[in-house]
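Notes for the one structure printed next.
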Amino acid sequence: MDNHRFFSPHEGISLSDLSGLCGAELADPSLSGRMVSGVASLSQAGESEVTFANSGKSVPELKQSRAAAVFVTEKLAASVPAGVAALIVKAPQSAFVRAIGVLVPSSVKPLRLTGETAVSEAAHVDASAKLEDGITIEAFAVIGAGAEIGTGTVISSGAAIGPGTRIGRDCHIGHGATVQHALVGNNVVIHPGARIGQDGFGYIPGQRGLDKIPQIGRVIIQDHVEIGSGTTIDRGALDDTVIGEGTKIDNLVQIAHNVRIGRSCVIVSQVGIAGSATLGDGVMIGGAAGINGHVTIGDGAQIAALSGVAGDVPPGVRWGGQPARPMRGFLLDAAAANARAFGRKPTKKGGEDT
């Protein structure tokens, strides 16, 4: 793959070393010294690149592969062409992801625009800000009064860190992002253009229309959180908005004031979470779902894409639809509606008579 315009080529690593790093078994030990320097898709991989095949659906492409090596399950190993090294693992895609981290390490961390490795003379850093050693602040970033930033953190060009904001160690704040009224843990990634800590949306009827409710809470972002581009997380009104440790949030997500999100949650693009909603640990929400305010979603629950959650969701369930309900009921209702749309009689199981 010709991606060297954006990602520098790797100097090369032997299949013996790569298989060890990725937990794979090299089917033909005589190929242990073969060098690989890049990654690519199964159909595009060339003689110096490694790829993967995940299921039987990949067999036709796998048999035509020209890759140096391919991660496969033991079942698929027989379909690897002669001359292509088979790296046998239980989970080929997971091993391939680890290989990308080895062969294209710059893809794992957000892009640095200026290449600076210290505090740029073209950045604005308030004299009262507290910076630990080993921080990078690129040109045209702004650091407000009393802000605190930990060792190893990168503040990219055009980012703005508000007064009093604290950012932990080994974080990356993407270019053009704004972070204010926030306490950010360690190893947090905030991608370009995210907006953290602005006013929540709160109004009450007044004598002359709508009176704004002052928003005096904070945003608390725990360790190892990743927040996508264009995502907005409002600060709390009185209480805090909290994002739990290890949670991953996609691009273009809206999280309103006082929302509390647990640990290791996954929230996909275009989700909207209204004020004071609570998500437990391990919750997964599909794209463009809407979560009503003041509802609670239990630990480990999964919400399908495009769903509308109007009330509390128990732990460990899978819900979908508008309004969201248990997945089986939603699918049966959808099948019945589809049958009616085509003028057929739904069966008792929600399907259609044949």
Side-chain angles (χ1 to χ4, degrees), residues 126 128-130 142-150 153 155 159-168 171 173-174 176-191 193-206 209-250 252-265 267 271-281 283 285 290-299 309 312:
D126 189 274
S128 64
K130 298 179 180 179
V142 176
I143 312 298
E148 300 179 21
I149 302 174
T153 287
I155 310 296
I161 309 302
T165 293
R166 296 178 184 173
I167 297 176
C171 296
I173 311 301
T178 56
V179 185
Q180 57 188 341
H181 303 98
L183 305 179
V184 179
N186 300 321
N187 295 290
V188 171
V189 175
I190 298 175
H191 285 276
R195 302 286 179 247
I196 311 298
Q198 60 285 328
D199 277 10
F201 188 76
Y203 297 87
I204 57 174
L210 296 174
D211 291 337
K212 185 175 181 63
I213 300 173
Q215 309 284 296
I216 60 174
R218 306 170 299 180
V219 175
I220 310 296
I221 299 174
Q222 296 179 358
D223 296 349
H224 302 288
V225 168
E226 186 160 356
I227 297 168
S229 296
T231 284
T232 58
I233 302 177
D234 297 340
R235 69 178 183 265
L238 295 175
D239 297 327
D240 294 324
T241 302
V242 179
I243 312 298
E245 181 179 1
T247 285
K248 311 301 180 184
I249 301 172
D250 198 358
L252 300 174
V253 171
Q254 158 64 13
I255 297 173
H257 58 195
N258 302 340
V259 168
R260 302 184 73 87
I261 295 174
R263 296 177 173 87
S264 300
C265 295
I267 302 172
V271 166
I273 304 177
S276 299
T278 299
L279 279 62
D281 295 339
V283 170
I285 303 179
I291 313 300
N292 199 16
H294 299 274
V295 306
T296 296
I297 299 178
D299 293 350
V309 177
D312 291 349

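Just so you know, residue 1 is the first one in the sequence shown, and it goes up from there. Side-chain atoms are counted along with the backbone in the values below, which use heavy atoms only and exclude waters and symmetry mates.
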What I'd like to find out is whether the side chain of Leu279 reaches to under 4.5 Å of the side chain of Ile273, using heavy atoms alone. yes
Closest approach of Ser128 to Gly146 (non-hydrogen atoms, all atoms of both residues): OG-N, 2.9 Å
Less than 4.5 Å apart, side chain to side chain, heavy atoms only: is that true for Ile204 and Asp211? yes
Reported CG-to-CD distance for the pair Asp199 and Gln180, which is rounded to 0.5 angstrom: 8.0 Å
Gly262 backbone acceptor or donor facing Asp281 side chain under 3.5 Å: no
Determine whether Val142 and Ile161 make a side-chain contact, defined as any pair of heavy atoms from C-beta on separated by less than 4.5 Å. no
If you define the side chain from C-beta out and look only at heavy atoms, does anything of Val179 sit under 4.5 Å from Ile221? no
Residue that, paired with Arg218, satisfies side-chain hydrogen bond (donor to acceptor under 3.5 Å, both in side chains) out of Asp239, Asp240, Thr241, Thr165: Asp240
To the closest 0.5 Å, what do you measure between CZ (Arg195) and OG1 (Thr231)? 11.0 Å
Does some side-chain heavy atom of His191 sit less than 4.5 Å from a side-chain heavy atom of Glu226? yes
Tell me, do Ile249 and Ile255 make a side-chain contact under 4.5 Å, heavy atoms counted? yes
Kindly compute the distance separating CD1 (Ile196) from OG1 (Thr178), expressed to the nearest 0.5 Å. 7.0 Å
Shortest non-hydrogen separation from Ala129 to Gly144 and the atoms involved: CB-O, 3.9 Å
So for atom CZ, which belongs to Arg260, do other residues, nucleotides or ligands contribute more than 12 heavy atoms lying within a distance under 6.0 Å? no
Ile216 side, atom CD1; Ile213 side, atom CD1 - distance, nearest 0.5 Å: 11.5 Å
Of all heavy-atom pairs linking Gly185 and Cys171, the shortest is O-SG, 3.0 Å
Atom of Ala177, atom of Ile173 and distance for their closest heavy-atom approach: CB-CG2, 4.0 Å
Are Thr232 and Gln254 linked by a side-chain donor-acceptor pair shorter than 3.5 Å? yes
When you measure from the side chain of Gln198 to the backbone of Ile233, do you find a donor-acceptor pair of N or O atoms at a distance under 3.5 Å? yes
Spacing of Ile155 atom CD1 and Ile143 atom CD1 [to the nearest 0.5 Å]: 5.0 Å
So which atom in Ala274 and which in Asn292 form the shortest heavy-atom distance, rounded to 0.1 Å? CB-C, 3.8 Å
Going by heavy atoms in the side chains, are Ile261 and Ile267 under 4.5 Å from each other? yes
Quick check against the 3.5 Å criterion: does Ser276 have a side-chain atom that pairs as donor or acceptor with the backbone of His294? no
Looking at CD of Gln222 and CG of Leu183, how far apart are the two atoms once the value is rounded to the nearest 0.5 Å? 11.0 Å
Arg235 versus Gln215, closest heavy-atom pair with distance: NE-O, 2.8 Å
Report, as yes or no, whether the 6.0 Å neighbourhood of atom NZ on Lys212 holds more than 12 heavy atoms from other residues, nucleotides or ligands. yes
Ignoring hydrogens and angles, tell me if any N or O in the side chain of Lys248 forms a donor-acceptor pair with the backbone of His224 under 3.5 Å. yes
